[in-house]
There are 2 protein chains.
Amino acid sequence: MPSDIENKCIKRGLRLTDQRKLIAQVMSESEDHPDVDELHNRVNKIDSKISIATVYRTVKLFEEAGIVAKHDFKGNKARYEQTTEEHHDHLIDINTGEIIEFVNEDIEKLQKQVAEKLGYKLVDHRLELYGSKNKK
Amino acid sequence: MPSDIENKCIKRGLRLTDQRKLIAQVMSESEDHPDVDELHNRVNKIDSKISIATVYRTVKLFEEAGIVAKHDFKGNKARYEQTTEEHHDHLIDINTGEIIEFVNEDIEKLQKQVAEKLGYKLVDHRLELYGSKNKK
DNA sequence: ATAATTGCAAATGCTTTGCTTGTGA
DNA sequence: TCACAAGCAAAGCATTTGCAATTAT
C-alpha cells in the first residue's frame with residue numbers, strides 16, 4: 001500500500017523510484033523528527049544500497065514540494081517531519097533533545113499583528129521554545 | 001575611548017588584545033547584524049592583518065560571555081549583534097534581507113505559559129518572522 | 001527511447017583546530 | 001615570565017554536485 005507521502009508524490013507528478021518510495025514510507029511512519037543520517041539508517045535497514053546523497057536529494061525534493069518540513073533547531077543538523085494540515089511549533093527539551101509539538105492560536109495572531117504593524121505581510125515564521133522539564 | 005563591548009570584556013576579565021579591542025569596537029559601532037565575513041571586512045579596513053580565524057574565535061568568545069548574540073536566520077550564515085538590555089526578536093524582510101527588531105510582551109508571556117503548560121521551564125526561545133513589505 | 005535519477009566520490013561553504021610564533025598582564 | 005592569543009593552513013562537518021551508469025514512464 002502506497003504511503004501517505006507516496007500518494008502526495010503521485011499527486012504532484014514526482015517520478016517514483018524505489019528509493020523515493022522507501023524514503024516516503026519511512027518518513028510517513030516516523031513519529032519523530034529524524035535528521036538525514038537517521039533517515040538514512042532507517043531506510044538502509046530495508047534497502048542497504050540507498051546512498052546518503054539520495055536521501056539528501058529526496059528530502060530536499062519533498063521539502064520543495066511541500067510534502068515534508070525542514071527544521072534547523074539550535075545546534076543540531078536539519079531535521080524533517082511530514083507536513084501536517086494543522087500548523088504547529090516546537091518545544092525542544094534542552095536536556096534530552098525531545099521535541100514536543102504545540103499549537104497556540106493566540107501567538108499566531110499576535111505574530112501576524114506584529115508584522116502588520118511593522119508594515120509587512122507575514123509570509124513565514126519560526127517559533128521554537130527551549131526548556132527543561134519541571135521536576136515535581 | 002574603550003568601546004561598550006570592550007568595557008564588558010574588562011568586567012569579565014577577558015584578556016584584551018589589539019584584535020579583540022578592534023572587533024569589540026567594530027561590533028559596538030555596528031547597527032546591523034553582520035556575519036563573520038562582514039565583520040572581518042570591517043575590521044580589516046582598520047587592521048588588515050587580523051585573520052578570519054581570530055574573528056571566529058572572538059565572536060564565539062563574546063557570545064559565550066553573553067556580550068554578543070548569535071542568530072542563525074533561515075538560509076543564512078550566522079549573524080551577530082551586541083547584546084542589549086532589553087530582549088527583542090526579529091522580523092526578516094524576505095526580499096531585501098533587512099532585519100527589523102521588535103518587542104512584544106504578550107508573545108513573551110504566552111511562550112512562557114505554553115512551556116509551563118507542557119511541564120517545562122522556558123530557558124530560551126527563538127522567534128523570527130519572515131515577511132514582505134506591504135505596498136501602499 | 002530518453003529524460004530523470006542514482007551512487008559514488010569529489011567539491012563546497014562555513015566553522016573549528018593544531019601548531020608555532022607572538023604578546024598582554 | 002608565561003599562560004594565553006593570533007595567524008596560517010589543514011581538518012571537520014553537513015550538505016551539494018559532476019559524472020557515468022541505471023531506470024521509470
Side-chain angles (χ1 to χ4, degrees), chain A residues 2 5-7 9-26 33-41 43-44 46-65 67-80 97, chain B residues 2-3 5-27 33-44 46-65 67-80 97:
Chain A
I5 293 183
E6 195 176 323
N7 283 325
C9 288
I10 294 166
K11 215 177 290 176
R12 271 155 248 226
L14 299 180
R15 186 191 280 200
L16 273 172
T17 63
D18 290 346
Q19 291 88 332
R20 288 185 184 170
K21 278 184 213 162
L22 184 48
I23 295 167
Q25 183 200 316
V26 167
H33 301 70
D35 59 33
V36 168
D37 249 354
E38 177 58 25
L39 233 30
H40 186 227
N41 288 339
V43 299
N44 270 7
I46 306 171
D47 175 351
S48 65
K49 279 187 228 61
I50 296 185
S51 78
I52 188 118
T54 296
V55 181
Y56 271 108
R57 281 192 272 236
T58 303
V59 121
K60 188 177 207 178
L61 179 80
F62 286 177
E63 194 205 349
E64 284 162 359
I67 297 171
V68 309
K70 177 187 185 182
H71 302 294
D72 284 287
F73 299 130
K74 287 194 187 190
N76 286 295
K77 32 193 158 170
R79 292 163 164 282
Y80 294 85
Chain B
S3 66
I5 294 184
E6 196 177 322
N7 284 326
K8 288 185 189 166
C9 288
I10 295 167
K11 215 176 291 175
R12 270 155 248 225
L14 299 181
R15 186 187 282 196
L16 273 172
T17 63
D18 290 346
Q19 291 87 333
R20 287 183 183 173
K21 279 185 212 161
L22 185 48
I23 295 168
Q25 183 200 316
V26 166
M27 286 236 49
H33 301 70
D35 59 33
V36 169
D37 249 352
E38 178 57 25
L39 234 30
H40 187 228
N41 288 340
R42 292 183 193 176
V43 299
N44 270 6
I46 305 172
D47 176 350
S48 65
K49 279 186 230 62
I50 296 184
S51 78
I52 188 116
T54 296
V55 180
Y56 270 108
R57 279 192 272 235
T58 303
V59 123
K60 189 177 205 176
L61 179 81
F62 287 177
E63 194 205 348
E64 283 162 0
I67 297 171
V68 309
K70 177 187 185 182
H71 301 294
D72 284 287
F73 299 130
K74 286 193 186 190
N76 286 295
K77 32 194 159 171
R79 293 162 164 281
Y80 293 85

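First the proteins, then the strands, lettered A, B, ... as listed; each starts at 1.
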remark   = To the nearest 0.5 Å, atom CG of A/Asn76 lies from atom CG of A/Asp35 at 8.0 Å

key: From B/Arg15 atom CZ to B/Cys9 atom SG, the distance as rounded to the nearest 0.5 Å   =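 B/Arg15 CZ to B/Cys9 SG: 13.5 Å, rounded to 0.5 Å.
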
inquiry  = Counting only side-chain nitrogens and oxygens, does B/Ser51 get under 4.0 Å of the OP1 or OP2 atom of D/dA6?
reply    =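 It does not, given that no N or O in the side chain of B/Ser51 lies less than 4.0 Å from OP1 or OP2 of D/dA6.
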
ask   = Do the side-chain N or O atoms of A/Tyr56 get closer than 4.0 angstrom to the phosphate oxygens (OP1, OP2) of D/dT15?
value =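 For D/dT15, OP1 or OP2 has a side-chain N or O of A/Tyr56 closer than 4.0 Å.
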
How long is the line joining [atom1] of [X] and [atom2] of [N], in whole Å?
{"X": "B/Leu22", "N": "D/dA6", "atom1": "CG", "atom2": "C1'", "answer": "14 Å"}
{"X": "B/Ile52", "N": "C/dG13", "atom1": "CD1", "atom2": "P", "answer": "14 Å"}
{"X": "A/Asp72", "N": "D/dC13", "atom1": "CG", "atom2": "P", "answer": "18 Å"}
{"X": "A/Asn76", "N": "D/dT15", "atom1": "CG", "atom2": "P", "answer": "11 Å"}
{"X": "B/Leu39", "N": "C/dT15", "atom1": "CG", "atom2": "C1'", "answer": "14 Å"}
{"X": "B/Arg20", "N": "D/dG7", "atom1": "CZ", "atom2": "C1'", "answer": "14 Å"}
{"X": "A/Lys60", "N": "C/dT5", "atom1": "NZ", "atom2": "C1'", "answer": "15 Å"}
{"X": "A/Glu38", "N": "D/dA14", "atom1": "CD", "atom2": "P", "answer": "14 Å"}

task = Let me know, please, whether B/Asp35 or B/Arg57 comes out on the 5' side of the other along DNA chain C by nearest nucleotide.
result =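 By nearest-heavy-atom nucleotide position, the 5'-most residue is B/Asp35.
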
request  = Report the residue (B/Val36 or A/Asp47) whose heavy-atom-nearest nucleotide on DNA chain C is the more 5′ of the two.
outcome  = A/Asp47

ask   = Which heavy atom of A/Val43 sits nearest a heavy atom of A/Leu22, and at what distance?
value = O-CD2, 3.7 Å

inquiry  = Within the supplied structure, the quantity of interest is the number of heavy atoms (other residues, nucleotides, ligands) at a distance under 6.0 Å from B/Lys74 NZ; does it exceed 12?
reply    =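 It does: B/Lys74 NZ has more than 12 such atoms within range.
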
Distances under 3.5 Å only, N/O to N/O: pair up the protein atoms with those of nucleotides 20-25 of chain C.
residue : atom : partner : partner atom : Å
C/dA25  : OP1  : B/Leu16 : N            : 3.2

message = Could you work out, with side chain to side chain contact (heavy atoms under 4.5 Å, CB included) as the rule, every residue matching A/Leu61, not counting sequence neighbours?
response =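 So A/Leu61 forms a side chain to side chain contact (heavy atoms under 4.5 Å, CB included) with A/Leu14, A/Arg20.
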
message = The side chain of A/Lys77 is closest to which nucleotide in this list: D/dT15, C/dT6, D/dG7?
response = D/dT15

ask   = Taking the side chain of A/Ala53 as heavy atoms from C-beta outward, which of D/dT17, C/dT5, C/dT17 is closest to it?
value = D/dT17

key: Beyond-backbone contact of B/Val36 with B/Lys77, side-chain heavy atoms, under 4.5 angstrom   = no

key: Side-chain touch B/Arg42/B/Glu38, heavy atoms, less than 4.5 angstrom   = yes

